[in-house]
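See below for the structure under consideration.
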Amino acid sequence: MTDDRTRAEQTLVAWARIETWLKEHAPRTFQRLPAPATEGELRILERDLDLTVPADVRAFYLVRNGTGPVSDFDRPASHDAPEPTGYLLPDGEGIGPLENLRAWFEGPAAAARPDDESGQRYLPITTIDPDGFYGGFVDCTPGQGYGLLGDYAEAERPNPGKATFAAYLTEVANALCEGRGFGDGSAPRVIDGRLDWR
């Protein structure tokens, strides 16, 4: 079995565990999960951004186009808007819908790119805010770091990581199902049917 296939299958198993937990414990978050993206939409993103989405990230998007509706990743129309459900990952991060990734790709992760690294392809996929100024990326640059996650913040150099998306989701699923914190963070809790790690 190829490494790509293994990572894709690991992602699907981890995400299924997360969805099972959400359905039982955080029904509002579960009900607002979006429909899948299509292979065609992924190919257009790859063409437009000149990159190849890693197999584990692709597998996730073919199940869900992010962790919440597009409206969760836009600025709320008013202060009375309900708390978004899409930021369901540890530290209040959410996986953005494909339509947001283009803007984030040209945002902070690109702004911090040194001139001599024009071929660098860091695709932001998670964020803690609708503007996408802080979050995580998957390295789509061909070479040794391809498929690894990293994090970025406005006005800072992106920080490459060592874990794959599949490994990250597996650890999230483990923490969620065991009711423990993720890394140094707080344990998951449910507020009005919404999962919140903050």
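All of these numbers come straight from a predicted model, not from anything done at the bench.
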Starting at [atom1] of [X], measure out to [atom2] of [Y] and round the result to the nearest 0.5 Å.
X: D131; Y: D74; atom1: CG; atom2: CG; answer: 10.0 Å
X: Q120; Y: L51; atom1: CD; atom2: CG; answer: 11.5 Å
X: E99; Y: L45; atom1: CD; atom2: CG; answer: 10.0 Å
X: H25; Y: C177; atom1: NE2; atom2: SG; answer: 7.5 Å
X: E83; Y: D192; atom1: CD; atom2: CG; answer: 9.5 Å

_Residues V138, Y146; criterion side chain to side chain contact (heavy atoms under 4.5 Å, CB included); working and verdict_ = CA-CA 8 Å; V138 62; Y146 178 79; over 6 Å; no

Verify the cluster assignment for [X] and [Y]: are they in a single hydrophobic cluster under the rule of side-chain heavy atoms below 4.5 Å apart?
X: L49; Y: L148; answer: no
X: V190; Y: F182; answer: yes
X: F105; Y: V70; answer: no

Distance-only, no hydrogens or angles: does the [X] side chain make a donor-acceptor pair with backbone N or O of [Y] under 3.5 Å?
X: T126; Y: G136; result: yes
X: T29; Y: L195; result: yes
X: T67; Y: G94; result: no
X: N65; Y: L98; result: yes

*P188 versus G179, closest heavy-atom pair with distance*: CD-C, 4.2 Å

*Of all the heavy-atom pairs spanning E41 and T38, show the shortest one and how long it is.*
OE1-N, 2.8 Å

*List for me each residue that meets side chain to side chain donor-acceptor pair (under 3.5 Å) alongside D129, sequence neighbours excluded, and say none if there are none.*
T127

*Could you pull out all residues at least two apart from D48 that satisfy side chain to side chain donor-acceptor pair (under 3.5 Å)?*
R102

Quick test of your reading of the model: are [X] and [Y] salt-bridged, counting only N-O distances below 4.0 Å?
X: R121; Y: D50; answer: yes
X: R194; Y: D196; answer: yes
X: R58; Y: D4; answer: no

*Please indicate whether E178 has more than 12 foreign heavy atoms, meaning atoms of other residues, nucleotides or ligands, lying under 6.0 Å from its CD.*
yes

State, with a plain yes or no, whether a side-chain heavy atom of [X] is found less than 4.5 Å away from one of [Y].
X: N174; Y: E171; value: yes
X: E93; Y: L88; value: no
X: P124; Y: E106; value: no
X: P90; Y: V172; value: yes
X: Q10; Y: D56; value: no
X: P34; Y: P97; value: no
X: Y122; Y: C140; value: no
X: L123; Y: V53; value: yes

With sequence neighbours left out, write down each residue that passes ring-ring contact (aromatic ring centres under 6.0 Å, His included) with [X], or none if nothing qualifies.
X: F30; result: none
X: W197; result: none
X: F165; result: F60

*asked:* Between R32 and T85, does the side chain to side chain donor-acceptor pair (under 3.5 Å) criterion hold? Intermediate values first, please.
replied: CA-CA 7 Å; R32 290 176 50 88; T85 58; 2.9 Å; yes

_Ring centres under 6.0 angstrom apart (Y87, F73)_ = yes

_Evaluate I18 against W15 for side chain to side chain contact (heavy atoms under 4.5 Å, CB included), listing each step before the verdict._
CA-CA 5 Å; I18 292 169; W15 186 252; 3.8 Å; yes

_Using the rule given for side chain to side chain contact (heavy atoms under 4.5 Å, CB included), can you reason through Q31 versus K23, listing the C-alpha separation, both sets of side-chain angles and the distance that settles it, and then say yes or no?_
CA-CA 8 Å; Q31 290 164 359; K23 188 174 186 179; over 6 Å; no

*Hey, which of Y61, W104, F137 is the one that makes side chain to side chain contact (heavy atoms under 4.5 Å, CB included) with I125?*
Y61

*In chain order, what residues pass the salt bridge (Lys or Arg N to Asp or Glu O under 4.0 Å) check against E19, with sequence neighbours excluded?*
R64

*Any chance you could lay out the side chain to side chain contact (heavy atoms under 4.5 Å, CB included) test for L89 and Y168, step after step, and finish with the verdict?*
CA-CA 10 Å; L89 298 173; Y168 169 73; 3.6 Å; yes

